[in-house]
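Values below: every heavy atom of this structure, side chains too, minus hydrogens, waters and symmetry copies.
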Amino acid sequence: MIRYRMNCMLKTYIVSDFGLQIVDSAGMTAGVSPPPGWANEPSQRSQPLKHRIRPAVLVTAMLVATVQARAGDTLERVRETGEIKLGYREVSVPFSYLDGDQKPVGFAIDLCERIRDAVKTELKLPSLQTKLQPIQLGNQIPLIENGTIDIVCGPATNTLERQKVVTFSDTIFVSSIRAVVKKDSPIKSFEDLGDKPVSLTAGSTAINLLAARGQEKGFKTSNIMSPDHAGSFLALNTGRTVAFVMDDVLLASVVANSVRPGDWRIIDNSLRDEPYGLIIRKDDLAFKALVDRTIAGLMKDGEFGRLYVKWFTSPIPPKGINLNFPISEKLKKAVANPNDKGV
């Protein structure tokens, strides 16, 4: 009798009364000796269920651990499959978004393309294929963890909490958490948002930061969640909320791309400065070394600065809008001394 069945990579693992069987993609079966203390004893079938399922749990745990370890070795997997999987965001201007031809473009996309080229060179794979996978802020980490993507090519705050489950590249940007409001709004600080509806993007660090500020200063907000920044700004634009709290550069991009940019104002008050990094799998040391080495090289030879000018202080597709967002002193320091410090 089959006790447990698990599909994994290119093989199916079947745990039964006869032990563990491995079935490959061609349908060939290889038997493996039954786990100790399970099918070796004639009386095993008559034992209580809790005794019979222990080996299945043990085998399953061993298989999952093996798969996770394998998924964590990105370069080895890329070598075997001839494919690298890049996760991109669809509306995170100017880091990662779709242009007029529905093609992913942006500052983070350009950085990931340089990393992909470095992988080609490192692994000697001139015909390396690139798979582009759309992601959202709320699912980017799970998709990294389960192997759907190899790297997040979009804005992601490097936090100590996130470092528990994923690894970040060296810093590629430094933002500040602020709020955008109507130009004639009386709101000038986060304390002014007490008892008011506020737009937030699901999965953003702004959610907990706003709650912490509210607890510290004694106010509460009514939060309206959206899956992406476009949805959050739409809630503000249609009057469902009075403010959209998010990273200042992302707020600047949604305002610049709005129908009437002059109708909006980003408040000076800030919740926190946040470093961005590209996300990869936890403890994938070889891939992180390649990613950081590539970014450091771009910073050293000036290409990083040229890419910054291209996306932050020049007209960008699809509308030719210029964000006019010059490089900050904090990012200049990160370029001069590359690091992956989180907050």
Side-chain angles (χ1 to χ4, degrees), residues 88-97 106-108 135-141 152-159 161-162 171-183 185 187-194 196-214 219-258 261 263-277 279 311-312 316 321 323-325 328 330-331 342-343:
Y88 70 91
R89 304 260 285 277
E90 297 180 321
V91 292
S92 293
V93 182
F95 295 92
S96 180
Y97 66 101
F107 181 62
I135 61 175
Q136 292 182 339
L137 183 59
N139 69 8
Q140 59 185 3
I141 289 180
V152 172
C153 304
T157 301
N158 182 353
T159 69
E161 188 65 25
R162 288 174 175 173
T171 297
I172 63 167
F173 191 83
V174 180
S175 70
S176 183
I177 304 299
R178 303 182 191 276
V180 62
V181 299
K182 286 279 191 180
K183 185 178 181 179
S185 170
I187 296 171
K188 298 185 183 303
S189 69
F190 289 99
E191 287 80 354
D192 296 331
L193 296 175
K196 294 180 175 63
V198 174
S199 292
L200 290 164
T201 301
S204 68
T205 58
I207 299 171
N208 289 337
L209 290 174
L210 180 60
R213 177 64 65 88
F219 69 90
K220 290 184 179 181
T221 58
S222 176
N223 299 335
I224 306 298
M225 299 291 180
S226 298
D228 55 42
H229 307 320
S232 295
F233 186 70
L234 178 63
L236 173 62
N237 196 29
T238 55
R240 293 175 58 210
T241 64
V242 299
F244 172 23
V245 179
M246 194 60 202
D247 308 35
D248 55 0
V249 63
L250 299 176
L251 296 178
S253 71
V254 295
V255 167
N257 282 281
S258 66
D263 288 354
W264 307 99
R265 169 174 57 85
I266 297 176
I267 68 173
D268 294 330
N269 198 211
S270 170
L271 291 177
R272 182 175 72 179
D273 289 332
E274 299 196 328
Y276 288 177
I279 299 177
W311 292 105
F312 293 91
I316 60 176
I321 293 173
L323 298 183
N324 290 312
F325 206 92
S328 67
K330 291 183 175 64
L331 182 54
V343 292

Heavy-atom side-chain proximity of [X] to [Y] below 4.5 angstrom:
| X | Y | answer |
| --- | --- | --- |
| Lys182 | Trp264 | yes |
| Phe107 | Val249 | no |
| Val245 | Phe190 | yes |
| Leu210 | Asn223 | yes |
| Phe244 | Thr201 | yes |
| Ser92 | His229 | yes |
| Arg272 | Thr205 | yes |
| Thr157 | Asp247 | yes |

So, taking the atom named [atom1] in [X] and the one named [atom2] in [Y], what distance separates them when rounded to the nearest 0.5 Å?
| X | Y | atom1 | atom2 | value |
| --- | --- | --- | --- | --- |
| Leu209 | Met246 | CG | CE | 10.5 Å |
| Ile316 | Ile321 | CD1 | CD1 | 7.5 Å |
| Thr171 | Glu274 | OG1 | CD | 11.5 Å |
| Ser175 | Leu331 | OG | CG | 10.5 Å |
| Arg240 | Ser222 | CZ | OG | 10.0 Å |
| Lys188 | Ile267 | NZ | CD1 | 10.0 Å |

Minimum-distance pair of heavy atoms, taken over all atoms of [X] and [Y]:
| X | Y | value |
| --- | --- | --- |
| Gln140 | Ala156 | NE2-CB, 4.1 Å |
| Ala206 | Ile177 | CB-CG2, 4.1 Å |
| Ser199 | Thr241 | OG-OG1, 2.7 Å |
| Ser176 | Ser270 | OG-OG, 2.6 Å |
| Ser328 | Val174 | OG-O, 4.4 Å |
| Arg265 | Ile187 | NH2-O, 3.0 Å |

Next item on the list: For Ser96 and Arg89, indicate whether the former's side chain and the latter's backbone hold a donor-acceptor pair under 3.5 Å.
Entry: yes
Margin query: Quick one: does any side-chain atom of Asn237 pair with a main-chain N or O of Phe233 as donor and acceptor, under 3.5 Å?
Written below: no
Notebook entry, point to check: Picking from Asn269, Leu250, Leu271, Ile266, what satisfies side-chain contact (heavy atoms from CB on, under 4.5 Å) with Arg178?
Noted result: Ile266
Next item on the list: Before giving the answer on side chain to side chain donor-acceptor pair (under 3.5 Å), spell out for Ser189 and Glu191 the whole-Å C-alpha distance, their side-chain angles and the decisive distance to 0.1 Å.
Entry: CA-CA 5 Å; Ser189 69; Glu191 287 80 354; 3.3 Å; yes
Do other residues, nucleotides or ligands put more than 12 heavy atoms under 6.0 Å from [X] [atom1]?
| X | atom1 | answer |
| --- | --- | --- |
| Lys330 | NZ | no |
| Asp268 | CG | no |
| Lys220 | NZ | no |

Next item on the list: Tell me, with the steps shown, if Tyr276 and Phe95 meet ring-ring contact (aromatic ring centres under 6.0 Å, His included).
Entry: CA-CA 11 Å; Tyr276 288 177; Phe95 295 92; 5.4 Å; yes
Margin query: Among residues at least two apart in sequence or on other chains, which ones pass side-chain hydrogen bond (donor to acceptor under 3.5 Å, both in side chains) with Trp311?
Written below: Asp110
